[in-house]
Amino acid sequence: MNLKEKIRVIPDFPEPGIRFKDITTLLKDGEAFKYAIDRMANFANERNADLIAGPEARGFVLAAPLAYSMGLGFVPIRKSGKLPGETVSVSYELEYGKDKLEIHRDAIQPGQRVIIADDLLATGGTIASTIKLVEELGGVVAGLAFMIELTYLPGREKLKDYDVLSLVQY
Ligand SMILES: O=P(O)(O)OC[C@H]1O[C@H](OP(=O)(O)OP(=O)(O)O)[C@H](O)[C@@H]1O
Ligand SMILES: Nc1ncnc2[nH]cnc12
């Protein structure tokens, strides 16, 4: 299965100079979507995951089916002001813009092994912040699974202490 040929690249979105990797063209292909989730599930299985976490919004599209396919729980990491319970939060910068992420304080029990899944690794800011939240709750980050890695940005370097899977590289 060639996942790269299912991804559409749109120049100058959401601002000039950004080549946006659009996964909607992959997601609407049932076979490709299943293949991507199955590869992530193998990775998560090998690392004895207890839970799957993913950042809003595109991370949900991968992390939730990954958790479901493995019979594991899913923990949402959301942008600020969206989670109703008591939260822990962290601010971060993106390839474009700035934001704040939050997790429910009771979402993870100390020692639980968490796989974090997201669609794309760019600067690594989103995932570094997600890792901070998981670790602050005492979770063990057992691995990081991405559909896409932008190798021309320093994301992988930022995550060098972690086990990283990416299915497609640019
Ligand atoms: O490695 P980074 O530089 O942090 O960039 C990658 C993140 O950026 C995108 O999310 P975005 O914040 O655009 O939100 P969305 O999923 O709600 O579209 C993407 O889904 C990743 O989560
Ligand atoms: N180039 C890119 N394409 C799609 N999503 C992104 N998130 C951060 N950078 C991105």
Side-chain angles (χ1 to χ4, degrees), residues 2-29 32-33 36-37 39-40 43-44 49 51-68 74-84 87-104 107-108 114-136 139 141-170:
N2 185 343
L3 290 177
K4 198 171 201 171
E5 70 183 19
K6 308 282 180 189
I7 296 166
R8 172 167 62 180
V9 180
I10 300 192
D12 301 322
F13 182 88
E15 54 186 54
I18 300 290
R19 290 179 59 76
F20 192 88
K21 310 305 182 289
D22 177 19
I23 61 164
T24 63
T25 41
L26 186 157
L27 297 173
K28 72 179 181 179
D29 180 325
F33 189 20
I37 296 297
R39 291 226 5 226
M40 289 185 170
F43 173 80
L51 272 179
I52 309 295
E56 176 180 358
R58 282 174 269 157
F60 287 6
V61 175
L62 300 178
L66 174 59
Y68 179 83
F74 163 67
V75 172
I77 313 281
R78 297 214 62 181
K79 289 170 185 170
S80 82
K82 301 282 187 181
L83 290 172
T87 57
V88 176
S89 66
V90 63
S91 294
Y92 69 109
E93 295 206 8
L94 286 163
E95 190 185 6
Y96 40 85
K98 219 180 177 177
D99 229 318
K100 195 171 173 193
L101 287 178
E102 297 182 339
I103 191 170
H104 271 143
I108 296 168
V114 182
I115 294 287
I116 298 169
D118 200 0
D119 68 321
L120 184 142
L121 172 62
T123 65
T126 304
I127 286 304
S129 303
T130 302
I131 290 170
K132 253 190 220 163
L133 294 174
V134 169
E135 292 182 342
E136 192 163 334
V141 176
L144 309 168
F146 301 94
M147 181 93 87
I148 300 167
E149 176 179 359
L150 304 184
T151 58
Y152 51 86
L153 291 171
R156 177 77 73 149
E157 173 59 20
K158 199 175 210 161
L159 305 176
K160 63 179 180 313
D161 296 334
Y162 297 88
D163 216 353
V164 176
L165 169 75
S166 64
L167 304 182
V168 176
Q169 295 78 32
Y170 289 88

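Because the structure is predicted, anything quoted here is derived from the model rather than measured. For ligands, and for the atoms within them, numbers begin at 1 and follow the listed sequence.
- The distance from atom CG of Leu83 to atom CD1 of Ile77, rounded to the nearest 0.5 Å, is 8.5 Å.
- The heavy atom nearest to atom 17 (O) of ligand 1, out of those in Lys158, Lys79, Lys21, is found in Lys79.
- Taking a 4.0 Å cut-off on heavy atoms, Asp22 fails to register as neighbouring ligand 2.
- Here the side chain of Gln169 pairs a donor or acceptor atom with the backbone of Ser166 at under 3.5 angstrom.
- Contacts with ligand 1 closer than 4.0 Å are made by side-chain heavy atoms of Asp119 only, the backbone lying farther away.
- By the 4.0 Å N-to-carboxylate-O rule, Glu149 lies close enough to Arg156 to be salt-bridged with it.
- No cation-pi contact links Lys6 to Phe33, judged by a cut-off of 6.0 Å to the six-membered ring centre and 45° from its axis.
- When non-hydrogen atoms are compared, ligand 2 lies under 4.0 Å from the backbone of Arg19 (N, CA, C, O) but not from its side chain.
- Only backbone heavy atoms of Glu56 (N, CA, C or O) come within less than 4.0 Å of ligand 1; its side chain stays farther off.
- Inclusion of Ile127 in the set of residues having an N or O under 3.5 Å from an N or O of ligand 1 is not warranted.
- A salt bridge does not link Arg78 with Glu102: none of the charged nitrogens is closer than 4.0 Å to a carboxylate oxygen.
- With ligand atoms numbered from 1 in the order given, ligand 2 contributes 4 (C), 5 (N), 6 (C) to contacts under 4.0 Å with heavy atoms of Arg58.
- Side-chain contact between Val168 and Phe146 is absent, with no heavy atoms from C-beta onward closer than 4.5 Å.
- Within ligand 1, counting atoms from 1 as listed, the ones closer than 4.0 Å to a heavy atom of Gly124 are 1 (O), 2 (P), 3 (O).
- The shortest N/O to N/O separation between Pro55 and ligand 1 does not fall below 3.5 Å.
- In terms of the salt bridge (Lys or Arg N to Asp or Glu O under 4.0 Å) criterion, Arg39 has no residue partners (sequence neighbours excluded).
- Among residues two or more places apart in sequence or in another chain, the salt bridge (Lys or Arg N to Asp or Glu O under 4.0 Å) test is passed with Asp119 by Arg58.
- Contacts of Asp118 with ligand 1, taken as heavy-atom pairs under 4.0 Å, involve the side chain alone.
- Residue Leu150 touches ligand 2 through its side chain alone, judged by heavy-atom distances below 4.0 Å.
- Taking a cut-off of under 4.0 Å to the non-hydrogen atoms of Gly125, the atoms of ligand 1 that pass are 1 (O), 2 (P), 4 (O).
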